[in-house]
Number of protein chains: 2
Amino acid sequence: MAKHDPTLSRLFHALADDTRRGALTRLAKAPAPVTELAEPTGLKLPTVMRHLAVLEEAGLITSFKDGRTRTCALVPEALEPVRSWIEEQRAQWEARLDRLDAFVMQIMKDDEQ
Amino acid sequence: MAKHDPTLSRLFHALADDTRRGALTRLAKAPAPVTELAEPTGLKLPTVMRHLAVLEEAGLITSFKDGRTRTCALVPEALEPVRSWIEEQRAQWEARLDRLDAFVMQIMKDDEQ
DNA sequence: ATCATGCTTAGCCATATGGCTAACTATCGC
DNA sequence: GCGATAGTTAGCCATATGGCTAAGCATGAT
């Protein structure tokens, strides 16, 4: 099944976890072997491997095996779809920030739930 | 229980779903009642409500009830933490794009799995 | 008062996710 | 070859997620 499926949903899902974001920021400094990525997490190796697999399936990282150690590294462009989606939204959301005022008033007065 | 917990994980998770992103882009045009948000999805109301709850818990939308209809609207600032995290990463990732070259070579020749 | 509308709540079901242990494979260093 | 090292695979378990139906509860229209 699609080894690398960098759809928005897959990307966002991959990013929706502290452990995985932690691995990414660690890899932002330099490529690293699995064990080194696992160490600060306090999690067991198989668990970390799963997280790394999620990142790799989303296309956010690559890895290659040299001898018995697997080295992981970022795929910098991978973040682009996410970034552009966010930017698109932000542009539109801000574009109508003005028209929102009246709506906010409604909330103020009704203040439901 | 936290009604509004806009942590990064929660935000990313909320965004990791087509239906929910669909609702957001719809709301980018203007606030809308639940039924209208549900209509294009082909999903049942309770299901859509759950999606909207996820968005609201992440702080991405608000809603208020006027009579029997609940109107939902974006919370434009909500996207900011996500945007800034992405930007931070991008900055760092690109910063060491150069040093990545050697690594890519490795992948080329080993070509694991 | 009654009926349709627009949610809401409760609860069921299948699958996905995140964690673990145990056991296996493949190097590397001696 | 032998033991330690670094992954890897398989499988178990609890909880979360995403979908549904059925039933309930206001509110608006007649």
Side-chain angles (χ1 to χ4, degrees), chain A residues 1-3 5 7-24 27 31-58 60-73 106 110-113, chain B residues 1-3 5 7-24 27 31-58 60-73 106 110-113:
Chain A
M1 331 236 31
K3 259 299 184 188
D5 180 14
T7 55
L8 271 183
S9 290
R10 216 174 257 280
L11 284 166
F12 276 123
H13 169 69
L15 295 173
D17 181 286
D18 285 296
T19 301
R20 291 194 287 264
R21 285 199 309 282
L24 290 181
L27 291 177
V34 176
T35 304
E36 191 178 322
L37 292 172
E39 192 264 311
T41 66
L43 298 174
K44 299 298 182 181
L45 255 201
T47 304
V48 174
M49 296 263 306
R50 227 167 173 45
H51 282 300
L52 295 176
V54 170
L55 289 173
E56 191 154 14
E57 281 158 26
L60 286 163
I61 69 174
T62 343
S63 68
F64 69 93
K65 204 164 176 178
D66 179 23
R68 60 184 165 177
T69 83
R70 171 174 300 276
T71 303
C72 300
Q106 286 273 3
D110 294 354
D111 195 84
E112 46 52 70
Q113 183 62 271
Chain B
M1 295 267 120
K3 259 303 185 189
D5 179 13
T7 56
L8 271 182
S9 290
R10 216 172 257 280
L11 283 166
F12 277 123
H13 169 68
L15 295 173
D17 181 287
D18 285 296
T19 301
R20 291 195 287 264
R21 286 199 309 282
L24 290 180
L27 290 176
V34 176
T35 305
E36 190 177 324
L37 292 171
E39 192 262 311
T41 65
L43 299 175
K44 298 299 181 181
L45 253 201
T47 304
V48 174
M49 296 265 305
R50 228 168 171 43
H51 282 300
L52 295 177
V54 170
L55 289 173
E56 191 154 13
E57 280 157 27
L60 287 163
I61 69 173
T62 341
S63 68
F64 70 93
K65 203 162 176 180
D66 180 23
R68 59 184 165 176
T69 84
R70 171 174 298 277
T71 304
C72 300
Q106 285 275 2
D110 295 353
D111 195 84
E112 47 55 64
Q113 170 62 333

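Residue numbering restarts at 1 for every chain, and letters A, B, ... go by the order of the sequence lines.
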The nucleotide from dC7(C), dG19(C), dT17(D) with an atom nearest the side chain of T19(A) is dG19(C)

Ignoring the backbone of R68(A), work out which of dG18(D), dT27(C), dC7(C) is nearest its side chain. dT27(C)

Taking only the side-chain nitrogens and oxygens of H13(B), find out if one of them lies under 4.0 Å from OP1 or OP2 of dT17(D). yes

To the nearest Å, give me how far apart CD (E36(A)) and C1' (dG7(D)) are. 15 Å

Whole angstrom value for the distance that separates P of dA16(C) from CZ of R10(A): 11 Å

Using a heavy-atom cut-off of under 4.0 Å over every strand shown, decide if T47(A) touches base, sugar-phosphate, or nothing. base

Using only side-chain N and O atoms of K65(A), determine if any of them is under 4.0 Å from OP1 or OP2 of dT8(D). yes

Starting at the 5' end of DNA chain C, which residue's closest nucleotide do you reach first, L45(B) or G67(A)? L45(B)

Measure the CG-CG distance between L52(A) and L60(A) for me, rounded to the nearest 0.5 Å. 11.5 Å

Atom-pair distance (CG on L43(A); P on dT21(C)), nearest Å: 11 Å

Find out whether V48(B) and T19(B) are in side-chain contact, i.e. whether some heavy atom of one side chain is under 4.5 Å from a heavy atom of the other. no

Within a 6.0 Å radius of atom CZ on R50(A), are there more than 12 heavy atoms belonging to other residues, nucleotides or ligands? no

Among the nucleotides dT9(D), dC20(D), dG6(C), which one has an atom lying closest to any side-chain atom of P46(A)? dT9(D)

Interatomic distance, CG@L55(B) vs NE2@H13(B), rounded to 0.5 Å, equals 9.5 Å

In whole angstrom, give the distance that lies between atom CZ of R70(A) and atom P of dT25(C). 18 Å

Looking at dG28(D), dG18(C), dG18(D), which one has an atom nearest to any side-chain atom of R50(A)? dG18(C)

Is a side-chain donor or acceptor of R20(B) paired with a backbone partner of A14(B) at a separation under 3.5 angstrom? yes

For M49(A) and dT5(D), give me the distance from atom CE to atom P, rounded to whole Å. 19 Å

From dG18(C), dT8(D), dG18(D), nucleotide with atom closest to H51(A) side chain: dG18(C)

CD of E39(B) versus P of dC7(C): gap in Å, rounded? 13 Å

Side-chain N,O (T35(B)) to OP1/OP2 (dC7(C)) below 4.0 Å: yes

Provide, to the nearest angstrom, the distance between the CG atom belonging to D66(A) and the C1' atom belonging to dG7(D). 13 Å

Between dG19(C) (P) and D18(A) (CG): distance, integer Å: 10 Å

